[in-house]
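Structure first, commentary second.
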Amino acid sequence: MQARREKLQRLREANVDPYPHSFTRKQLAADILSDFDAYEGKEVAVAGRLMSLRRMGKASFAHLEDSSGRIQLYIRRDTVGEQNYEIFKLVDIGDIVGVTGSVLKTRTGEITIEVSEFRILSKTLRPLPVVKEKVEGDKRLVFDAFADKEQRYRQRYVDLIVNREVREVFVKRSKIIGSMRNYLLSRGYLEVETPILQPLYGGATARPFTTHHNTLDMTLYLRIANELYLKRLIVGGYDGVFEFAKDFRNEGMDRFHNPEFTMMELYVAYEDYHFMMDLVEDMFCTIAKAVNGSYQLTFQGKEIDLTPPWPRIPLLEAIEKETGFDLYEKPVEELRKIADELHISWDKSWGQGKFIDEIFSEKVEPKLIQPVFITDHPLSLSPLAKKHRDKPGLVERFEPFIAGKEMGNAFTELNDPIDQRERFMAQVALREMGDDEAQPLDEDFLRALEYGMPPTTGLGVGIDRLVMLFTDQASIRDVLFFPQMRPEQYRD
RNA sequence: GAGGGUAUAGCUCAGCUGGUAGAGCAGCGGCCUUUUAAGCCGUUGGUCGAAGGUUCGAAUCCUUCUACCCUCACCA
């Protein structure tokens with residue numbers, strides 16, 4: 001760093017502005033690389049960061065990387081002038097430069113810009129981890145990669161500069177969200193925004209973050225979901241509303257959980273969960289085509305095929321198929337015995353729903369590698385879902401599973417205000433028994449339902465997990481630019 | 001929240017059973033006008049995550065702490 005400050009000083013002494021205000025670039029690296037014939041011998045102007053430097057006495061090679069890719073530069077003293085070549089010697093890997101020059105191919109066949117003019121656009125003061133790479137055929141071998149996860153997450157900017165694949169993951173993330181948004185907009189649904197700071201949290205079972213508003217002198221919660229607000233909008237008369245929502249849950253963190261995460265929620269009036277299953281299937285396939293160009297994908301070594309139709313299996317059937325036990329309407333005492341037989345440890349406080357949920361996630365979930373809709377969950381686990389039209393004790397709900405992971409959650413929405421009030425009361429009772437994740441009663445939401453909500457189906461999709469799936473990333477931290485970390489002791 | 005692992009130069013790592021720290025790359029100084037993980041010669045650089053302890057002596061053994069990673073628990 002000391003050396004770089006000195007170079008900065010020397011640049012200033014040579015009357016070179018190390019931080020000029022702009023540079024007019026005319027091409028991206030990829031433009032030139034992909035159409036050499038058109039550019040050969042022509043003058044081009046590109047700008048980007050120097051990622052490698054091979055200096056010889058009177059000529060140098062370097063690689064310049066911009067958002068599109070990496071192109072080689074050839075700087076000759078005779079072309080650039082002695083004075084400029086001296087200035088070029090003050091350049092470091094990591095510096096951002098703009099160059100003009102003409103396009104040629106070197107002896108070894110690499111497309112290269114022979115630089116006639118170069119300008120330092122931003123002098124770096126910190127050394128970049130130098131990552132060397134070697135291209136062998138279409139394989140890219142990387143040496144001494146910047147790989148320390150802690151540093152990569154804490155200094156994501158460095159990670160992004162140096163690790164191209166990381167940049168690509170986030171480009172894909174944007175494409176996934178973009179194609180989902182297009183899909184929903186093209187079907188005529190309205191993208192909306194609802195409060196993040198809520199006086200009452202609801203729409204999911206989770207512990208919230210709590211904050212305080214000074215002027216109103218009241219407690220506010222960061223939303224754990226936006227479900228109840230979106231349904232109010234359906235009451236208000238919109239046929240379909242959706243929101244890409246940052247939600248916040250004050251719970252443990254691991255490779256599938258970050259305290260803030262993104263969920264897309266969608267509500268469509270006059271439809272039920274069968275409609276929503278069709279939509280999910282079609283939407284996921286549309287995204288897969290748009291982003292990966294294929295219904296097939298590999299996730300952590302597993303081959304996954306999204307080609308529709310996806311099987312739709314009632315949850316209890318899935319359990320029965322896997323374990324041989326039919327759990328429907330079984331009393332708790334019997335469920336305890338079954339759990340024992342399946343070697344699942346349980347707690348006295350567990351009700352029917354909890355047993356079913358546990359047995360499912362223990363015995364069935366890990367096997368759901370190929371896409372499947374698991375449907376018709378126990379009522380006690382789904383306080384906002386409408387009762388099943390034929391199966392008492394169950395609700396009309398489904399969860400799409402891919403690669404052993406739940407990718408979303410949807411139901412035919414409960415629009416009977418009296419039933420909804422009863423469900424809330426049951427939650428309140430749980431709460432009083434010490435379940436701090438049970439949902440609080442939302443009087444205004446009930447009032448909205450009392451004004452009448454059309455039959456409606458709703459969906460929530462965990463966007464981060466979806467991105468993990470499509471980009472083959474094992475950890476949620478690898479699909480978030482800035483995953484939550486403990487503060488570092490900043491030393492320099 | 002519980003268990004396990006990791007922490008050595010800017011980056012990637014080595015350092016055996018305790019003897020006072022090393023390599024490659026980067027940096028710095030030279031040589032080199034088609035190189036590409038450029039090469040050659042020379043060279044700088046580390047309170048070995050932090051604090052304490054055992055010892056004549058600790059990067060190495062012990063304790064505590066901190067951060068990160070993995071697994072489990074809770075959850076999406």
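By convention in this document, chain letters (A, B, ...) are assigned in the order of the sequence lines, proteins followed by strands, and residues within each chain are numbered from 1.
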Query raised in the report: Which part of the nucleic acid, if any, lies within reach of S60(A) when heavy atoms closer than 4.0 Å are counted: base, sugar-phosphate only, or nothing?
Result: nothing

Query raised in the report: Is any side-chain N or O of E110(A) under 3.5 Å from a base N or O of U34(B), one able to act as donor and the other as acceptor?
Result: no

Query raised in the report: Charged N to carboxylate O under 4.0 angstrom, R397(A) versus E399(A)?
Result: yes

Query raised in the report: Closest nucleotide of RNA chain B for L104(A) versus for G408(A): which of these residues is on the 5' side?
Result: L104(A)

Report task. Quick one: label R486(A) by what it contacts on the DNA or RNA (base, sugar-phosphate, nothing), any heavy atom closer than 4.0 Å. Result -> sugar-phosphate

Listed pairs under 3.5 Å, donor-acceptor, residues 57-64 of chain A side chains, sequence neighbours left out:
from	atom 1	to	atom 2	distance (Å)
S60(A)	OG	Y85(A)	OH	2.7
H63(A)	ND1	S52(A)	OG	3.1
H63(A)	NE2	E110(A)	OE2	2.7

Query raised in the report: If you measure from the ring centre of F261(A) to the centre of the six-membered ring in the base of A76(B), is it under 5.5 Å, with the planes under 30° apart?
Result: yes

**Report entry** Phosphate-side-chain proximity, T205(A) and A76(B), N/O vs OP1/OP2 below 4.0 Å
**Finding:** yes

Query raised in the report: Between R10(A) and E6(A), is the closest basic N to carboxylate O distance under 4.0 Å?
Result: no

Query raised in the report: Looking at R55(A), does any N or O in its side chain come under 4.0 Å of the phosphate oxygens OP1/OP2 on C32(B)?
Result: no

Report task. Indicate, with a heavy-atom threshold strictly under 4.0 Å, whether A145(A) touches base, sugar-phosphate, or nothing. Result -> sugar-phosphate

Query raised in the report: OP1 or OP2 of A37(B) less than 4.0 angstrom from a side-chain nitrogen or oxygen of R140(A), does that happen here?
Result: no

Query raised in the report: Is it true that D159(A) and R167(A) make a salt bridge, defined as a side-chain N closer than 4.0 Å to a carboxylate O?
Result: no

Query raised in the report: Is the shortest side-chain N/O distance from R126(A) to OP1 or OP2 of G10(B) below 4.0 Å?
Result: no

Requested in this report: Select base, sugar-phosphate, or nothing to describe what A204(A) touches, counting heavy atoms under 4.0 Å on all strands.
Outcome: nothing

Query - N or O in side chain of R54(A) less than 4.0 angstrom from A38(B) OP1/OP2 - result: yes

Report task. Using a 4.0 Å heavy-atom cut-off across all strands, classify D247(A) as base, sugar-phosphate, or nothing. Result -> nothing

